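Below is one structure, written out as structure tokens; the observations come after it.
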Amino acid sequence: MAKETYNHYEIEEAARTKWDELGIYETNLNGETDAEGAEKDPYYLLVEFPYPSGDLHTGHWYAYAMPDIYARYLRMKGKNVLFPFGFDAFGLPAENAAIKRGLDPKEWTYANMENMRAQIKRMGASFDWSKEVVTCEPEYYKWTQWLFAKLYEHGLAERREAPVKWCPVDQTVLANEQVINGHCERCGSEVEEKILTQWFMKITSYARRLLEDLEVLPWREEIKDAQRAWIGESEGARLQFPVKDVSLEDLGVSIEVFTTRPDTIFGATYVVIAPEHPLLDTLMPAVLNASEVEAYKAATEKKTERERSENKEKTGVRLEGVHAYNPATYDVVPIYVADYVLGTYGTGAVMGVPAHDERDFEFATKYNLPKIEVIAPVFFDQNNMPLEGKETITRNATISIVHDANSNLYLCLKWKQQGWTTFVTGGVDEGEEQLEAAKREILEETGYKHVRLVRELGHTSSQFYAAHKDENRIANNTIYYFELENDDQEEIDPRELAKHEPVWLTEEEILAAGMQHAEFMHFWSRLKSGASAATTGDGILVNSGIFDGRENREAMGDIIEACGGQRVTQYRLRDWLVSRQRYWGCPIPIVYDPEGNPHAIPPEHLPWTLPTDVDFTPTGKSPLATSRELHERVERIFGPGWTPEYDTLDTFVDSSWYFLRYLDAFNPEAFSDDKLMKEWMPVDRYSGGSEHTTMHLLYARFFTKALYDLALVPVSEPFLERFNRGLILGPDGQKMSKSKGNVINPDELVQKYGADAVRLYLAFIGPYNEPGSYPWNLDGVEAMRRFLDRIYRLSAKIETCATAAVNTASEEFTRAFAKAAAKIASDIERFKFNTAISALMVLVRDLESFETIPADKYRDLLILLAPFAPHLAEHLWEQYGAGADAQGEVESETTTSVHQTSWPYQGVQIEDELATVIVQINSKKRGEIQLAKEGSQEEALALARAIPAIADLLESKPDTRVIYVPGRILNFVG
RNA sequence: GCCCAGGUGGUGAAAUUGGUAUACACGCCUGCCUUAGGAGCAGGUCCCUUCGGGGGUGGAGGUUCAAGUCCUCUCCUGGGCACCA
């Protein structure tokens with residue numbers, strides 16, 4: 001057969017022209033009715049608008065052509081779909097183009113947008129361009145400014161000092177992402193921090209609600225988890241450590257620490273404050289080694305935050321001459337300044353609990369600070385687990401490891417009845433000291449009289465069932481390590497000997513014996529190598545005064561109270577710094593009076609336009625400061641001595657509300673329309689990249705909540721559903737980049753195979769509803785084009801009149817179509833375009849097996865194809881679609897579009913088919929039978945008898961157990 | 001280090017959510033057609049097999065009549081957070 005294909009240039013261009021002429025993608029936001037006059041459901045489908053960087057890459061295709069499948073499908077399902085587009089047009093690249101190549105940022109941006117519009121239209125995406133939003137247009141940023149002013153008015157935007165990243169060579173402020181390992185991305189010089197007065201949005205005051213409201217959102221848990229981690233809620237307490245000077249006189253100040261583990265306070269052996277802590281200056285007069293401390297502080301200031309955390313070796317300086325008091329123990333503890341404590345989190349000070357915090361452990365080890373164990377880890381004896389319903393007896397106990405240096409053997413007890421081996425162990429009697437008890441037990445059980453304590457190995461709490469007493473035991477153990485001084489031995493009481501006899505074992509024998517202490521490895525490793533790590537888990541309080549013996553979690557509240565602390569919830573989330581010392585952004589709508597106080601620019605002066613007479617040369621100041629026009633404007637409007645704000649807003653502010661503007665893009669009176677927001681918000685589904693899971697999504701949620709509280713927006717969550725797409729990699733499986741030379745240019749592919757083939761390929765590459773990554777495979781595009789050609793060629797089989805062959809197949813056709821339509825629909829709804837296309841391929845293959853195809857079925861095929869390959873579907877629809885008469889003859893004038901049809905076979909009941917039931921013996925397939933889906937077990941058994949193996953089985957073992965799942969499986973188990 | 005998500009043919013991936021593992025496609029192999037093939041068409045393609053079957057979803061156990069799917073442990077890969085007390 002000769003190669004028969006379609007001319008994608010012609011048909012794709014023609015289809016797009018037709019759509020434009022018909023204006024079928026312009027959404028009537030005030031509502032639309034269907035053919036029956038019923039109101040259509042509104043559906044707001046949103047994609048992240050792009051930054052106009054220049055030209056379109058494969059990522060853009062993936063981001064925009066895929067949701068378009070869904071948009072087209074929804075329209076066919078009778079929804080009134082809003083699928084808008086715009087540009088996030090402020091941003092750094094435009095300014096860089098200005099600096100590097102002397103281009104006007106505005107011209108550069110607008111030229112890029114012009115270019116990208118044409119490219120995006122070539123995808124055949126059904127965006128409604130009539131509502132296009134461009135954030136750098138004064139008509140848009142007027143409202144960004146208006147909203148900022150509203151937030152400022154209500155105390156949600158405020159000015160304060162904050163450090164910025166500063167490149168001393170380029171004389172410019174850098175964004176965090178421009179700092180690579182503490183060095184400037186462009187010139188490689190070391191980045192410094194500079195303190196500037198800047199604007200913040202108080203997102204932290206919404207932390208709780210941003211967290212809480214996540215619960216009800218039907219987003220994927222991974223996305224929610226990422227947001228939760230970003231917000232970083234920690235429950236804990238603030239505790240005061242009063243400061244005393246060298247003569248232990250009260251200085252009248254306290255170091256307030258934040259801790260999530262107030263239960264460990266009895267183990268706090270020092271206090272650390274961050275180098276930037278304001279209290280440091282207060283204490284300085286009393287500090288004896290002030291110059292050393294100052295030097296440390298200065299050294300830290302030079303470091304960037306990243307450098308501070310990169311150098312894992314902890315450093316710090318002790319403040320000589322001042323001390324803090326542990327509010328629980330009243331012990332004097334040293335105060336350190338150390339940069340492992342962050343000034344920006346909690347109170348900027350922590351209590352050091354080396355025994356139970358890994359960082360403190362490391363610090364204390366380096367500076368030789370005491371480690372006091374206050375939590376005994378709990379061990380359950382796996383062989384004698386506590387039994388439910390039994391009484392629980394708690395008692396103090398000791399475990400003693402006695403070592404004989406001469407023989408290098410360890411003293412153990414061999415238990416006669418139980419056959420196990422333990423160290424010398426026993427309970428502490430009423431009124432007895434732990435150490436006394438340990439020595440007494442050694443004497444009683446082994447007869448040795450002279451042992452010398454080497455050290456205490458720590459505490460544990462063992463829980464087990466004591467069979468001889470029929471009760472559960474909690475033994476709060478202290479573990480001791482003794483050295484045998486001499487062989488002096490008393491006679492051992494025969495009653496003790498009857499239970500167990502003392503034996504001397506080597507280390508190897510001990511390890512081989514499997515000592516009957518659940519916590520054996522815990523203290524044995526401490527004996528061998530000392531405490532080498534902090535124990536951070538829960539357990540029983542020890543060395544904690546009146547709280548001894550209680551569970552740490554349970555006692556937490558009482559401990560906080562006893563120390564005069566207060567419970568607090570702390571967030572990792574920081575306030576949102578929105579000031580940018582940049583030109584190409586939305587000017588912050590603030591002016592300063594002659595005293596330097598900020599004032600919001602009144603609405604009548606908005607938009608507060610970006611001046612054009614600026615110098616982009618990096619000088620260290622915001623470019624706006626070089627504008628004469630801006631200064632004159634401020635003085636003219638507000639009076640002499642008034643000055644402008646020179647910073648512009650972070651572009652994340654622009655994108656935090658654009659979805660509201662789409663609803664009313666040209667409203668000169670308001671940022672959006674109340675009624676339309678009520679009708680269309682929240683966005684039904686928001687599709688975007690996983691890189692925006694935290695910042696953009698969180699900022700937009702914050703904005704929406706803040707505006708909701710100001711009664712400006714009717715919803716408190718902007719996005720009902722959120723889908724993160726995957727990543728398209730180069731053919732080598734690497735991220736596409738020019739330097740790797742693995743960039744796939746979509747334009748060339750479109751030229752060669754057509755937009756439909758590229759769309760189909762991207763849809764087929766993998767599921768769109770999860771963020772995987774997919775290497776590009778050129779053969780795949782070709783395959784998709786082949787598939788489209790097959791559909792094109794299939795038109796030759798359209799039968800003009802109903803032939804006998806078609807009639808017999810007709811029911812089969814209908815069933816195949818109804819099934820395919822339902823499958824494709826549910827796949828599209830879940831963004832599983834890959835399996836939807838696979839179903840389409842199966843359908844086409846089935847159709848190809850027939851000599852002829854009824855015209856109406858071919859039309860149905862075109863409708864199912866339309867969301868994926870909108871151009872070809874449109875072209876073929878013109879040939880064989882609605883305009884074609886019952887005889888299948890082509891009429892030249894076709895007025896409607898395939899994209900205005902409705903989804904076929906909706907609500908069509910697929911007739912009961914015979915189901916294939918697998919017949920198994922012992923879960924191994926032995927045959928299959930056909931019967932009705934709801935067929936009874938008797939019917940199934942009757943049919944199964946036709947299978948020889950089953951007949952044999954039923955013959956020899958008629959009472960074999962049968963498991964029958966209708967429509968699925970018939971399993972004989974014997 | 002912590003928190004997620006995943007590991008299925010040579011490759012991208014399916015699997016009605018516990019019921020025939022590998023649909024659909026790429027690649028590869030064979031054949032047909034062709035002056036030709038980077039075109040088209042037809043067939044084959046998890047492994048072993050004595051052709052009866054047997055094994056197989058990163059690895060080891062477990063639950064179940066039945067496990068890619070559930071449970072425990074473990075090893076890799078990708079993503080997020082990271083001195084956040």
Side-chain angles (χ1 to χ4, degrees), chain A residues 1-5 220-230 232-234 236 257-262 264 272 274 305-306 308-314 338-342 344-353 356-360 362-363 536 570-574 690-691 693-694 724 727 733 760-761 764-767 770-784 786-787 789-790 793 823 826 832 834-842 844-845 916-925 927-928 949 960-965 967-974:
Chain A
M1 192 200 275
K3 173 177 156 184
E4 225 186 300
T5 183
R220 288 177 71 107
E221 276 309 306
E222 305 96 272
I223 302 179
K224 293 197 204 179
D225 280 344
Q227 290 219 349
R228 288 188 192 111
W230 192 265
E233 187 178 72
S234 300
V257 304
F258 170 72
T259 176
T260 55
R261 296 293 303 274
T264 63
V272 196
E305 218 166 287
R306 196 172 297 201
R308 252 171 90 162
S309 58
E310 237 171 30
N311 188 6
K312 290 282 179 189
E313 169 88 2
K314 289 188 175 33
D339 69 1
Y340 83 90
V341 173
L342 307 175
T344 48
Y345 182 78
T347 59
V350 303
M351 63 183 198
V353 186
H356 303 291
D357 181 279
E358 274 161 31
R359 295 149 304 184
D360 297 342
E362 193 192 324
F363 190 79
T536 54
Q570 192 67 44
Y571 297 93
R572 181 165 29 222
L573 184 71
R574 309 295 154 89
S690 46
E691 69 274 24
T693 302
T694 42
N724 282 355
L727 207 62
L760 221 52
Y761 172 69
F764 192 66
I765 202 165
E770 46 193 78
S773 29
Y774 311 101
W776 188 278
N777 174 7
L778 275 175
D779 293 326
V781 191
E782 214 168 287
M784 293 304 127
R786 268 204 300 271
F787 173 61
D789 278 330
R790 274 164 62 199
R793 266 181 259 133
K823 160 105 177 119
S826 85
K832 295 194 63 157
N834 54 336
T835 49
I837 290 172
S838 144
L840 205 54
M841 286 171 166
V842 172
V844 168
R845 191 187 56 194
T916 302
V917 171
I918 304 307
V919 181
Q920 302 176 324
I921 296 174
N922 287 328
S923 307
K924 293 266 159 65
K925 185 180 169 185
E928 51 185 59
T960 306
R961 188 177 157 207
V962 176
I963 288 160
Y964 175 60
V965 182
R968 295 264 165 83
I969 216 108
L970 179 66
N971 193 6
F972 295 88
V973 185

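All values reported here derive from a predicted model rather than from experimental measurement. Naming convention: chains lettered A, B, ... in sequence-line order (proteins, then strands); numbering from 1 in each chain.
- Side-chain proximity of A:P767 to B:A13, B:A25, B:G27: nearest is B:A13.
- The closest donor-acceptor contact from the side chain of A:T347 to the backbone of A:F258 lies under 3.5 Å.
- With both ends at atom P, the span from B:G44 to B:G12 equals 24 Å, rounded to whole Å.
- Taking 4.0 angstrom as the limit, A:T835 places none of its side-chain polar atoms (N or O) nearer than this to OP1 or OP2 of B:A23.
- Residues A:L573 and A:G772 each lie close to RNA chain B; by heavy-atom proximity, the contact nearer the 5' end of the strand is made by A:G772.
- Listed candidates were B:C4, B:G40, B:A25. Nearest to the side chain of A:R786 is B:G40.
- Put simply, NZ on A:K925 is 15 Å from C1' on B:A66, counting in whole angstrom units.
- Using a 4.5 Å cut-off on side-chain heavy atoms (C-beta onward), A:M351 and A:D360 make no contact.
- Atom name C1', nucleotides B:G80 and B:U69: the rounded distance is 26 Å, in whole Å.
- Comparing B:C41, B:G55, B:A85 by their closest approach to the side chain of A:K924 singles out B:G55.
- Rounded to a whole Å, the CD atom of A:E362 is 14 Å from the C1' atom of B:A82.
- In this structure, the CG atom of A:N834 is 9 Å from the C1' atom of B:G12, given to the nearest Å.
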Contacts under 3.5 Å, N or O only, protein and nucleotides 43-50 of chain B:
none

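- Comparing the same atom, P, in B:C26 and in B:G43 gives a spacing of 14 Å after rounding to whole Å.
- A distance-only check finds no donor-acceptor pair linking the side chain of A:R220 to the backbone of A:E770 [under 3.5 Å].
- Of all nucleotides listed (B:C24, B:C26, B:C65), B:C24 comes nearest to the side chain of A:V842.
- In textbook terms, a nucleotide whose glycosidic angle is within 90° of 0 is syn, while B:U49, being further out, is anti.
- One distance of note links CG of A:N922 with CZ of A:F972; it measures 11.0 Å at 0.5 Å rounding.
- Candidate nucleotides B:C24, B:C26, B:U20 were compared by shortest atom distance to the side chain of A:I969, and B:U20 ranks first.
- Between A:Q920 atom CD and B:A66 atom P there is a gap of 10 Å when expressed in whole angstrom units.
- At a cut-off of 3.5 angstrom, counting only N and O atoms as typed in the model, there is a donor on one side and an acceptor on the other between the side-chain of A:N971 and the base of B:C65.
- With both pairing distances under 3.5 Å, B:C2 is matched to B:G80 as a Watson-Crick or G-U wobble pair.
- Residue A:D779 contributes atom CG, which lies 19 Å from atom P of B:G10 at whole-angstrom precision.
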side-chain contact (heavy atoms from CB on, under 4.5 Å) evaluation trace for A:R790 with A:V844: CA-CA 8 Å; A:R790 274 164 62 199; A:V844 168; 4.1 Å; yes

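- Searching all strands for a Watson-Crick or G-U wobble partner of B:C46 with both distances below 3.5 Å returns B:G55.
- Closest to the side chain of A:Y340, out of B:U20, B:C24, B:C83, is B:C83.
- A:E362 CD to A:D357 CG: the interatomic distance, rounded to the nearest 0.5 Å, is 10.5 Å.
- Nucleotide B:U64 forms a pair with no other nucleotide shown, judged by Watson-Crick or G-U wobble geometry with both contacts under 3.5 Å.
- Checked against B:A25, B:G40, B:G12, the side chain of A:I765 finds its nearest nucleotide in B:G12.
- Nearest to the side-chain atoms of A:L342 among the listed nucleotides B:U20, B:A85, B:C24 stands B:A85.
- For B:A85 and B:G79, the P atoms lie 25 Å apart once the distance is rounded to whole Å.
- Listed candidates were B:C4, B:A14, B:C24. Nearest to the side chain of A:E222 is B:C4.
- Among the heavy atoms of the strands lying under 4.0 Å from A:A783 are primed sugar atoms or P, OP1, OP2 only; no base atom is included.
- For B:A13, there is no paired nucleotide, since no Watson-Crick or G-U wobble pair has both relevant distances below 3.5 Å.
- Following rounding to the nearest Å, A:E691 (CD) and B:G80 (P) show an atom-to-atom distance of 10 Å.
- The pair A:R228-A:D225 meets the salt-bridge criterion, since a charged nitrogen lies less than 4.0 angstrom from a carboxylate oxygen.
- Nucleotide B:C33 has no partner under the Watson-Crick or G-U criteria, as no pair reaches both atom distances under 3.5 Å.
- Spacing of C1' atoms, B:G55 relative to B:G40, comes out at 39 Å, to the nearest Å.
- Nucleotides B:U49 and B:G7 are separated by 31 Å at their P atoms, to the nearest Å.
- With B:C26, B:C24, B:A13 as the choices, the nucleotide that has an atom nearest any side-chain atom of A:Y774 turns out to be B:A13.
- Glycosidic conformation of B:G9 is syn; the angle stays within 90° of 0.
- In this entry the distance linking CG of A:N724 with P of B:A5 reads 14 Å, nearest Å.
- Whole-Å rounding puts the A:E770 CD to B:A5 C1' distance at 9 Å.
- Comparing the C1' positions of B:C28 and B:C46 gives a spacing of 14 Å, expressed to the nearest Å.
- Taking atom P in both B:C65 and B:U74, one finds a spacing of 28 Å when rounded to whole Å.
- A distance-only check finds no donor-acceptor pair linking the side chain of A:Y761 to the backbone of A:W776 [under 3.5 Å].
- Nucleotide B:G52 is shown with a syn base, its glycosidic torsion being within 90° of 0.
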